[in-house]
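Shown next, in structure tokens, is the structure this report addresses.
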There are 2 protein chains.
Amino acid sequence: MELDFIKNLVKTNEKTKIVLLVMDGLGGLPVESGGPTELEAANTPNLDKLAKEGICGLHVPIGPGITPGSGPSHQALFGYDPIRYQVGRGVLSALGIDFDLGFEDVAARGNFCTINDQGLVSDRRAGRISTDKNKELLKLLRQIKLEGAELFLETVKEYRLLMVLRGKHLSGQVTTTDPQETGVPPLPPKATAPEAQRTAGLVSEFIDQARDILADHHPANMVLLRGFSMRPKWPTMEEVFGVRAAAIAAYPMYRGVAKLVGMKTIAAGDALSEEFEILEKNWDDFDYFFVHVKKTDSYGEDGDFDHKAALIEEVDGMIPRLLDLNPDVVIVTGDHSTPSLIKYHGWQPVPALLWSKYCRSDEVTRFGERACMRGGLGPRFPATHLMPIALANAFRLEKFGA
Amino acid sequence: MELDFIKNLVKTNEKTKIVLLVMDGLGGLPVESGGPTELEAANTPNLDKLAKEGICGLHVPIGPGITPGSGPSHQALFGYDPIRYQVGRGVLSALGIDFDLGFEDVAARGNFCTINDQGLVSDRRAGRISTDKNKELLKLLRQIKLEGAELFLETVKEYRLLMVLRGKHLSGQVTTTDPQETGVPPLPPKATAPEAQRTAGLVSEFIDQARDILADHHPANMVLLRGFSMRPKWPTMEEVFGVRAAAIAAYPMYRGVAKLVGMKTIAAGDALSEEFEILEKNWDDFDYFFVHVKKTDSYGEDGDFDHKAALIEEVDGMIPRLLDLNPDVVIVTGDHSTPSLIKYHGWQPVPALLWSKYCRSDEVTRFGERACMRGGLGPRFPATHLMPIALANAFRLEKFGA
């Protein structure tokens with residue numbers, strides 16, 4: 001469904017409240033054939049009760065077989081088709097470090113790299129220099145002045161950096177300078193649209209000056225830039241869905257994606273209890289709450305089945321606090337799978353439960369991958385369906401047609 | 001799938017017969033958590049037998065979370081995507097009272113309303129005047145003569161009326177005169193396309209004369225008009241699906257939607273036995289029968305769980321008569337949910353069964369919401385899929401590709 005279609009059906013002035021609780025990378029796999037997944041191994045009496053009273057299923061974040069990045073998979077949970085609404089790599093880098101990107105800025109993801117005497121790239125990651133070295137070198141590069149544009153340079157991590165140009169009439173239609181291989185020179189930045197000529201010129205000027213400044217700093221004697229992009233102007237969740245939405249997340253990347261859809265973002269610490277305190281304190285001021293739990297994903301990426309299961313149990317322990325707030329609709333799910341078996345994001349569908357008085361419960365009595373396959377939401381439903389279904393269960397949509 | 005795609009596969013000259021039996025608002029909810037829905041509470045041995053021999057599921061009429069009006073949800077059951085094929089409010093009003101709308105007519109839904117001395121709307125529904133009063137006032141308004149167009153005015157119910165303009169070169173591209181709030185004047189009708197200038201002028205002329213005629217008839221001293229629209233020219237079911245289709249329905253609205261897709265319509269009384277008699281009498285003359293049962297929805301809207309369940313049992317009692325006709329394909333479903341718990345149309349998926357010798361039966365052994373979730377049609381399949389699946393089971397579609 002198009003956002004415009006839903007927008008026309010949204011009721012305003014409703015008082016109902018929706019909570020989306022996301023355990024990052026929730027979906028898992030058994031370590032041994034026939035064994036439990038992380039979620040199935042966890043003892044989750046509260047989530048099981050929600051599953052029993054609610055409706056369950058497994059969602060497909062992007063499309064069949066597609067392994068999602070966290071950005072697009074969250075977009076889908078928020079109701080924004082991640083294939084239609086795409087974000088450039090530069091913008092994602094900015095979001096990931098809480099850089100306050102304006103609508104006229106152009107952002108690019110950068111790498112420190114090594115070039116040899118012939119000017120050919122010999123290491124695209126400059127020997128993976130330390131974050132401290134990165135910071136030291138960026139101090140030098142910040143001397144660079146560009147005609148008619150402000151330059152921002154930020155350390156991301158190790159050899160990774162963010163470059164932002166701020167000024168009038170800039171454009172993200174500039175080609176990468178990263179050849180993606182060694183033994184060849186960096187590529188010259190080129191405008192792919194007439195309005196990007198000036199931006200390409202600024203980038204070229206930056207690179208020339210950077211090469212001079214870094215000349216004696218082997219192995220980090222050059223930078224490569226890619227993913228030139230501008231902050232997309234998407235309709236906000238308030239405009240489309242009529243909800244005042246808040247994001248409670250410890251990691252900047254997730255607050256960043258939430259900002260793209262117009263959520264108010266509230267930084268939290270890593271502790272679950274802190275996130276739920278923030279939820280309680282802000283309960284009266286918003287209609288829709290996105291609460292993000294990061295570490296389920298991190299443990300999955302570490303291949304740490306037991307800690308992932310233990311954290312799921314910890315989240316389970318928070319559910320009574322959530323229900324004490326008397327929400328109208330609760331969704332508990334992940335943004336994607338991160339099975340500890342594969343130590344990486346996975347394409348496997350993600351367990352999801354939706355709880356409300358009017359959801360029409362199915363026969364699922366516990367929250368787990370296999371149980372959810374028999375649920376009323378279906379074993380492979382598009383993640384973008386969750387938002388309109390949540391709005392319906394909160395009585396926030398008008399009837400379509402007479 | 002596009003209708004054109006299916007059209008190219010349709011076989012002509014087949015003799016097989018399809019019956020679509022719709023219990024309006026069939027889908028329900030448990031009144032108590034864990035309890036049965038209306039359909040689950042009903043004792044339905046014949047429907048259960050069809051479910052056991054057939055294939056079951058729950059359909060989504062419009063889209064995830066969307067609460068359907070009866071018009072679009074029936075379109076979907078007939079195989080016409082209700083988002084792509086939309087009908088204006090005026091046309092729906094005409095259909096709802098069996099007004100024989102031509103392809104050149106412009107229809108509008110009207111309200112009697114109250115305006116105060118300053119000409120501001122003080123009550124958009126004129127104190128909800130009686131149907132009799134409505135009829136009396138329309139007699140007066142029928143005096144109005146318009147240059148070059150015929151005027152039809154029909155009572156719908158209470159304060160609601162239908163206005164139709166008939167003439168050459170009319171257009172539905174005219175804006176509403178209903179401000180949708182009080183304390184402001186009615187809006188002037190405006191053309192939103194050049195070809196609608198004349199129509200907007202005629203509407204304006206009608207309104208001016210109506211104001212004069214109604215001046216002394218407080219509270220019904222003015223009319224508001226909205227939903228200007230023309231009968232859409234959709235391909236008929238015979239053109240697309242190759243079936244001679246008949247609609248058997250007691251309520252005009254449903255016959256009206258059936259007419260939009262080219263069905264022959266046969267009015268029936270409220271009694272189920274009468275509808276099934278008509279079905280029997282007309283059995284030889286059509287390939288596709290849409291039989292509509294209205295009162296399941298009415299009981300749902302009344303919050304009358306028990307009567308809704310009892311009527312479902314009554315429909316169940318008719319199934320042997322239906323099977324005696326030896327149909328090739330039988331579909332039993334609703335157009336949407338109307339849970340007596342919420343006394344209104346709901347967005348919840350709708351139980352559906354399709355019975356034929358070739359459907360490939362699933363493991364569902366009774367007809368109910370939770371049982372259907374485990375069915376072979378899936379727990380959330382698009383309602384528009386039913387028509388092509390029915391055609392296939394009636395051997396009315398060619399193979400696609402060599």
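Just so it is clear: chains get the letters A, B, ... in the order the sequence lines come, proteins before strands, and each one is counted from 1.
- When all heavy atoms are compared, the tightest approach of A/G401 to B/P72 is CA-CG, 4.0 Å.
- Interface remark: B/R374 contributes side-chain atoms only to the contact with chain A (heavy atom separation under 4.5 Å).
- Both the backbone and the side chain of B/P349 come within less than 4.5 Å of a heavy atom of chain A.
- Contact annotation for A/F5: only side-chain heavy atoms (C-beta onward) come within less than 4.5 Å of a heavy atom of chain B.
- In summary, the aromatic rings of A/F395 and B/W347 are positioned with their centroids under 6.0 Å apart.
- Within the 4.5 angstrom heavy-atom criterion, only side-chain atoms of B/S337, from C-beta onward, approach chain A.
- Using a 4.5 Å cut-off between heavy atoms, B/F381 makes no contact with chain A at all.
- Within the 4.5 Å cutoff, no side-chain heavy atoms of B/T67 are placed close to those of A/L397.
- Annotation for A/K52: atom NZ does not count as buried by contact number, only 12 or fewer foreign heavy atoms lying within 6.0 Å.
- Side chains of B/P68 and A/K399 form no contact here, defined as non-hydrogen atoms less than 4.5 Å apart.
- Contact of the A/I389 side chain with the B/R380 side chain is registered, since non-hydrogen atoms from C-beta on lie closer than 4.5 Å.
- Of all the listed residues (B/G69, B/P379, B/P64), the one sharing the greatest number of non-hydrogen pairs under 4.5 Å with chain A is B/P64.
- For A/R360 and B/T37, the side-chain atoms include no donor-acceptor pair closer than 3.5 Å.
- In A/K11, the NZ atom is crowded: over 12 heavy atoms of neighbouring residues, nucleotides or ligands sit closer than 6.0 Å.
- Once rounded to the nearest 0.5 Å, the distance linking OG of A/S361 with CZ of B/R370 reads 6.0 Å.
- Looking at heavy atoms from C-beta onward, B/I62 lies out of side-chain contact with A/M1 at the 4.5 angstrom threshold.
- When heavy atoms are compared at a cutoff of 4.5 Å, A/L391 does not approach chain B at all.
- Chain B forms the most heavy-atom pairs under 4.5 Å with one residue out of A/N393, A/L377, A/I6, and that residue is A/N393.
- Taking 4.5 Å as the limit, some side-chain heavy atom of B/Q86 sits within range of a side-chain heavy atom of A/F400.
- With rounding to the nearest 0.5 angstrom, the NZ atom of A/K357 is 12.5 Å from the CG atom of B/L29.
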